[in-house]
Amino acid sequence: MENKGFKSMLVLLMAACLLLTNCGDNSADPGIDCTASDLQLAVISFTKSDCQVPGSFEVSASGGEAPYEYSIDGVEFHESSVFSGVFAGTYIILVKDNQACVSEVSFTLESEPTGITLNLTSTNTTCGLTSGSVEANASGGTGSLMFSINQSTFSEETSFPNLAQGDYTVTVKDEEDCEVSKTIQVKTNTSLTTDIMPIIQNDCAITGCHNGSQNPRLTTEEEVIQNAGRIRSETQARTMPRDRTLSEGEIQLIACWVDDGALNN
């Protein structure tokens, strides 16, 4: 009798564990290396929205381990690869495979109900300054067009000067309040060859450090590009280089180059 009661209590405890704790979570198996997964996602079709009627888009996953689940909010995942009832905007679409590995793709669903066309161009800034600019060129729509950058007040101005490095979203709106938005990056003139490599060669890729004595090796431009994110984070934290100090200007140059996309320039 006592044994039967003990088994019943054990079953209840196991059920509580599954319901109330992380015993049954959906995180990736710690033995699975998702960084090595070939899971990929692509948008294969879409229908543009207009001011009243939403659009849709469909994605397709490959690699990883089927079956797949999809999400556009990172919270609710479902088996359908079609997203309907969506309006113009940029969406981060995620796919999760049977091993709980996740891949994502960014997709912008445009709204061009009356032929509104928006094109953007940018002018680089200097690292640390606000000398960049964005120029908007739009046509079509109903009536006059108004412009906004990063949700600022709409105006007829199509030029946006005095910008720092970063991403900027310009929205054009016609007299029927139909909108089209696009994003563009203002980059800097920071060069890997002339700005970054001298810093690395003089202070990091030296004897006893990243010249091969320590990982990662940083003696070539390719090696610096491959480790760009780590170089940025460690120089920002002042943990790199060891036993040496970079100036604020050098640290900022490294950050500007990495934020530009770690270009081979």
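Nothing fancy with the numbering, it's 1 onward along the sequence.
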Chi angles and distances behind the side-chain hydrogen bond (donor to acceptor under 3.5 Å, both in side chains) call for Gln99, Ser37:
CA-CA 10 Å; Gln99 295 181 328; Ser37 173; 5.8 Å; no
Is a side-chain N or O of [X] found less than 3.5 angstrom from the main chain of [Y], in a donor-acceptor match?
X: Asp174; Y: Thr142; result: yes
X: Trp257; Y: Ser191; result: no
X: Asn150; Y: Thr169; result: yes
X: His210; Y: Pro216; result: yes
X: Asp73; Y: Glu76; result: yes
X: Glu250; Y: Leu246; result: no
X: Thr125; Y: Ser131; result: yes
X: Ser81; Y: Glu58; result: no

Yes or no on side-chain contact (heavy atoms from CB on, under 4.5 Å) for Ile149 and Leu163, after CA distance, side-chain angles and deciding distance?
CA-CA 11 Å; Ile149 188 168; Leu163 300 179; 4.1 Å; yes
I want to check something: taking the side chain as every heavy atom from C-beta on, are Asn265 and Thr193 in contact at a cut-off of under 4.5 Å?
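The answer is no; the side chains never approach within 4.5 Å.
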Between [X] and [Y], a side-chain donor and acceptor under 3.5 Å:
X: Thr171; Y: Ser148; answer: no
X: Ser144; Y: Glu175; answer: yes
X: Ser159; Y: Glu135; answer: yes
X: Asn137; Y: Asn119; answer: no

Rounded to the nearest 0.5 Å, what separation is found between the [atom1] atom of [X] and the [atom2] atom of [Y]?
X: Asp33; Y: Cys101; atom1: CG; atom2: SG; answer: 8.0 Å
X: Leu253; Y: Glu248; atom1: CG; atom2: CD; answer: 11.5 Å
X: Met240; Y: Asp203; atom1: CE; atom2: CG; answer: 9.5 Å
X: Cys209; Y: Arg217; atom1: SG; atom2: CZ; answer: 12.5 Å
X: Leu192; Y: Glu222; atom1: CG; atom2: CD; answer: 8.5 Å
X: Ile199; Y: Leu218; atom1: CD1; atom2: CG; answer: 12.5 Å

Do you know which of Ile93, Leu94, Val102 makes side chain to side chain contact (heavy atoms under 4.5 Å, CB included) with Leu41?
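When Ile93, Leu94, Val102 are each tested with Leu41, the side chain to side chain contact (heavy atoms under 4.5 Å, CB included) holds only for Ile93.
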Do the charged groups of Asp259 and Lys187 touch, with an N to O distance under 4.0 Å?
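No, this pair does not count.
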Do the side chains of [X] and [Y] join up, straight or via other hydrophobic residues, at under 4.5 Å, putting them in one cluster?
X: Val43; Y: Phe77; answer: no
X: Phe154; Y: Phe160; answer: no
X: Tyr168; Y: Met146; answer: no

Check step by step if side-chain contact (heavy atoms from CB on, under 4.5 Å) holds for Thr47 and Phe57.
CA-CA 6 Å; Thr47 301; Phe57 52 82; over 6 Å; no
Which pair of non-hydrogen atoms, one from [X] and one from [Y], has the smallest distance, and what is that distance?
X: Ile44; Y: Ser60; value: CG2-CB, 3.7 Å
X: Ala61; Y: Val95; value: CB-CG2, 3.8 Å
X: Cys256; Y: Thr188; value: CB-OG1, 3.9 Å
X: Ala262; Y: Ile225; value: O-CG2, 3.9 Å
X: Arg244; Y: Asn202; value: NH1-O, 3.4 Å
X: Cys204; Y: Pro241; value: SG-CB, 4.0 Å

Assess the residue pair Ile196 and Ile254 against the criterion (side-chain contact (heavy atoms from CB on, under 4.5 Å)); give the C-alpha distance rounded to whole Å, side-chain angles, the decisive distance to 0.1 Å, and a yes or no.
CA-CA 6 Å; Ile196 304 305; Ile254 291 172; 4.2 Å; yes
Ring-ring centroid check His78 Tyr68, cutoff 6.0 Å:
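No; Tyr68 has its ring centre 6.0 Å or more from that of His78.
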Would you say the rings of Phe107 and Tyr91 are close, in the sense that their centroids are separated by under 6.0 Å?
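That pair fails the under 6.0 Å test.
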The salt bridge (Lys or Arg N to Asp or Glu O under 4.0 Å) partners of Arg230 (sequence neighbours excluded) come to Glu234
